[in-house]
Amino acid sequence: MELFSNFSYQKFAKFALEEARLRTALTPHPSQERFKKLEPNDGKTLIHALSFRAPKTRLLRSLTIEGTPTMQVLDFAALPEPNFDLPIFCANFFTTPRLSIVVLDLNPLYDVSIQKDYKEKYYRKLMPLGNKYSKFKIKIMQLLPWGDKITSESLRFFSPIVIWTKFSLSQYKHDILYSAFKEYFKAWLQLMDQAVEETDASRILQNREAQHKYLTWRAEKDPGHPILKRVIGEDLARDVVRDFLFEGVDTLGDESFLDYFPEYRCEDGTINKKRSMMGKSYEVRPWDANGEFIGNEP
Ligand code: BLA
């Protein structure tokens with residue numbers, strides 16, 4: 001089975017980069033030169049990798065993989081400079097003819113269930129946007145309904161407006177996803193526009209550590225890695241993950257994955273290869289329309 005013709009996440013990335021250019025000055029990131037020509041193992045898959053920086057943005061990068069006609073992938077993220085406590089823009093879409101797996105969010109730098117001031121600062125105003133896609137109690141009425149159980153560890157990196165959804169091939173769903181992507185990215189750009197620089201050195205350090213922890217999690221446990229390995233080979237996939245997608249994982253902090261996530265330590269001191277120690281949970285959306293956490297801890 002093929003995806004519908006002309007389907008590509010390229011237009012998502014193109015929109016976001018154009019929109020970003022209207023708001024800020026993008027300059028090529030040092031990683032761009034190295035990764036702009038990624039050769040697929042099969043000689044057919046199309047891979048596009050672009051990375052930039054901007055005054056308040058440490059890294060804005062986009063990766064699309066087009067295994068036409070059967071697989072389309074978007075991994076798009078914007079990571080702030082540590083002197084801003086801005087959320088991280090995160091769009092991860094994986095599509096085959098059978099299934100699309102979608103995460104779209106402004107990932108919080110701090111756990112919003114604990115840091116109420118952070119939640120108040122960024123998410124109170126964003127709730128109407130999130131609710132637009134998931135507000136109805138009845139799942140069938142939600143535009144992009146909660147995608148069922150999820151790796152429990154992932155939840156602490158998600159915000160109350162996260163769109164976590166899965167759907168089978170549908171032009172209608174993809175049109176909704178495109179509008180959600182545009183709205184979420186514009187919302188992020190607006191936050192970026194308004195962000196005021198932090199001058200307190202200890203706060204800047206906290207922001208840097210929070211981003212480093214996030215990068216460390218994703219560089220180790222992102223569910224996209226096996227596919228990346230298949231498409232470009234193990235060595236190059238490792239470089240793409242550490243020096244492109246999650247660039248900063250080796251420079252923003254000294255802590256290791258096991259320092260942040262000691263529960264993954266094996267007896268021999270290596271990292272447990274399991275994707276999740278806690279397993280999957282949260283069968284239904286664990287936030288209410290006000291962004292209050294209503295899930296039970298696993
Ligand atoms: C599955 N991707 C998933 C899942 C999540 C994410 C939550 C469902 C499985 C799970 O619960 O872990 C995404 N998880 C995230 C994100 C964060 C997180 C964004 O913790 C951020 C903190 N996905 C990609 C790319 C590919 C991809 C680039 O982003 C492929 C190159 C593939 N994602 C992919 C595949 C699955 C998946 C194949 C299903 C595999 C599985 O369920 O283990």
Side-chain angles (χ1 to χ4, degrees), residues 9-10 12-13 35 38 40-42 45-50 61-67 70-79 87-112 144 146-159 161-168 177 180-181 184 210-234 236-238 240-242 244-246 249 257 260-261 264 273-286 295 298:
Y9 284 123
Q10 284 273 22
F12 288 56
F35 292 104
L38 284 171
N41 284 341
D42 66 0
T45 303
L46 298 174
I47 309 170
H48 287 98
L50 286 172
R61 88 315 183 261
S62 165
L63 177 75
T64 56
I65 303 175
E66 301 181 81
T70 55
M71 179 181 75
Q72 294 281 340
V73 173
L74 175 73
D75 185 341
F76 194 100
L79 298 141
I88 294 167
F89 181 80
C90 161
N92 280 77
F93 309 156
F94 172 80
T95 293
T96 65
R98 201 177 54 83
L99 184 69
S100 284
I101 302 175
V102 166
V103 174
L104 174 63
D105 194 20
L106 274 59
N107 290 154
L109 219 46
Y110 299 102
D111 188 326
V112 283
L144 296 170
W146 187 251
D148 208 355
K149 286 185 181 171
I150 190 166
T151 299
S152 309
E153 286 91 336
S154 294
L155 212 78
R156 63 186 156 203
F157 298 105
F158 291 174
S159 84
I161 64 159
V162 68
I163 293 178
W164 151 243
T165 193
K166 291 192 266 190
F167 49 82
S168 54
L177 182 61
F181 175 82
Y184 273 55
Q211 185 173 148
H212 186 245
K213 182 175 182 181
Y214 176 91
L215 294 168
T216 304
W217 167 255
R218 296 204 57 191
E220 190 66 41
K221 294 292 175 195
D222 211 76
H225 295 176
I227 291 186
L228 218 50
K229 281 187 200 159
R230 205 178 73 208
V231 175
I232 52 174
E234 187 155 358
L236 194 50
R238 191 188 326 105
V240 167
V241 165
R242 298 196 82 85
F244 179 81
L245 291 177
F246 307 113
V249 65
F257 181 85
Y260 289 128
F261 309 101
Y264 282 84
K273 291 275 175 269
K274 270 168 94 171
R275 283 264 329 287
S276 165
M277 301 308 290
M278 289 194 258
K280 292 194 182 189
S281 50
Y282 305 108
E283 206 165 350
V284 290
R285 187 175 189 85

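Note that this is a predicted model, so its numbers are computed, not measured. Worth knowing before you read on, the calculation uses all heavy atoms, side chains too, and leaves out hydrogens, waters and symmetry mates. All ligand and atom numbering here is 1-based and tracks the order in the structure.
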Legend entry - Residue, atom name and distance, where the atom is the protein heavy atom closest to atom 9 (C) of ligand 1: K280 NZ, 3.7 Å

Inset, instruction - Consider every N or O of K149 and every N or O of ligand 1, then say whether any pair is closer than 3.5 Å. - result: no

Inset, instruction - Out of H225, R230, R275, indicate the one that has the non-hydrogen atom closest to atom 12 (O) of ligand 1. - result: R275

Inset, instruction - Could you tell me whether atom 6 (C) of ligand 1 has a protein heavy atom closer than 4.0 Å? - result: yes

Legend entry - Protein contact to atom 28 (C) of ligand 1 [nearest heavy atom, distance to 0.1 Å]: V73 CG1, 3.4 Å

Inset, instruction - Note the single closest protein heavy atom to atom 3 (C) of ligand 1, along with its residue, its atom name and the distance in Å. - result: P223 CG, 3.4 Å

Inset, instruction - Classify the side-chain pair R218/N92 by whether it contains a donor and acceptor separated by less than 3.5 Å. - result: yes

Legend entry - Main-chain N/O of V162 paired with R285 side-chain donor or acceptor, under 3.5 Å: yes

Legend entry - Distance-minimising heavy-atom pair for D105 and F157: OD2-O, 4.1 Å

Inset, instruction - Measure the distance from atom 17 (C) of ligand 1 to every protein heavy atom, then report the residue, atom name and distance (to 0.1 Å) of the closest one. - result: F158 CE2, 3.8 Å

Inset, instruction - Below 4.0 angstrom from a heavy atom of I150, which ligand 1 atoms are there? Numbered from 1 as shown, please. - result: 7 (C), 11 (O)

Inset, instruction - Hey, can you tell me if F93 and F12 have their rings parallel, tilted or perpendicular (30° and 60° cut-offs)? - result: perpendicular

Legend entry - Main-chain N/O of M277 paired to E153 side chain as donor or acceptor, under 3.5 Å: yes

Inset, instruction - Could you tell me the residue and atom name of the protein heavy atom closest to atom 23 (N) of ligand 1, and the distance to it rounded to 0.1 Å? - result: G224 CA, 4.0 Å

Legend entry - Protein heavy atom at shortest distance from atom 29 (O) of ligand 1: N92 ND2, 2.4 Å

Inset, instruction - Decide whether an N or O pair under 3.5 Å exists between R218 and ligand 1. - result: no

Inset, instruction - Could you tell me whether the side chain of Y184 and the main chain of I161 form a donor-acceptor pair under 3.5 Å? - result: yes

Legend entry - K280 and D148 ion-paired at < 4.0 Å: no

Inset, instruction - Please identify which atoms of ligand 1 are closer than 4.0 Å to at least one heavy atom of F157. - result: 22 (C)

Legend entry - Short side-chain to backbone donor-acceptor contact, H48 and L63, under 3.5 Å: no

Inset, instruction - Determine, for F246 and R61, whether the Lys NZ or Arg CZ falls below 6.0 Å from the six-membered ring centre while staying within 45 degrees of the axis. - result: yes

Legend entry - ligand 1 contact on C90 by region, counting heavy-atom pairs under 4.0 Å: side chain

Inset, instruction - Specify whether F257 and W217 have parallel, tilted or perpendicular ring planes, treating 30° as the upper limit for parallel and 60° as the lower limit for perpendicular. - result: parallel

Legend entry - Residue and atom name of the nearest protein heavy atom (relative to atom 36 (C) of ligand 1), distance in Å to one decimal: I101 CD1, 3.5 Å

Inset, instruction - Could you tell me whether a side-chain N or O of S281 sits under 3.5 Å from a main-chain N or O of S152, the two making a donor and an acceptor? - result: no

Inset, instruction - Consider every N or O of W164 and every N or O of ligand 1, then say whether any pair is closer than 3.5 Å. - result: no

Inset, instruction - Could you check S276 against T151 for side-chain hydrogen bond (donor to acceptor under 3.5 Å, both in side chains), going step by step and ending with a plain yes or no? - result: CA-CA 6 Å; S276 165; T151 299; 5.1 Å; no

Inset, instruction - Report the part of I227 (side chain from C-beta onward, or backbone N, CA, C, O) that has a heavy atom under 4.0 Å from ligand 1; answer both or neither where that applies. - result: side chain

Inset, instruction - Give the residue and atom name of whichever protein heavy atom lies nearest to atom 10 (C) of ligand 1, and the separation in Å to one decimal. - result: T151 OG1, 2.9 Å

Legend entry - Heavy-atom proximity to atom 20 (O) of ligand 1, best of G147, A91, S154, A237: S154

Inset, instruction - Answer yes or no for W217: is there a heavy-atom contact with ligand 1 below 4.0 Å? - result: yes

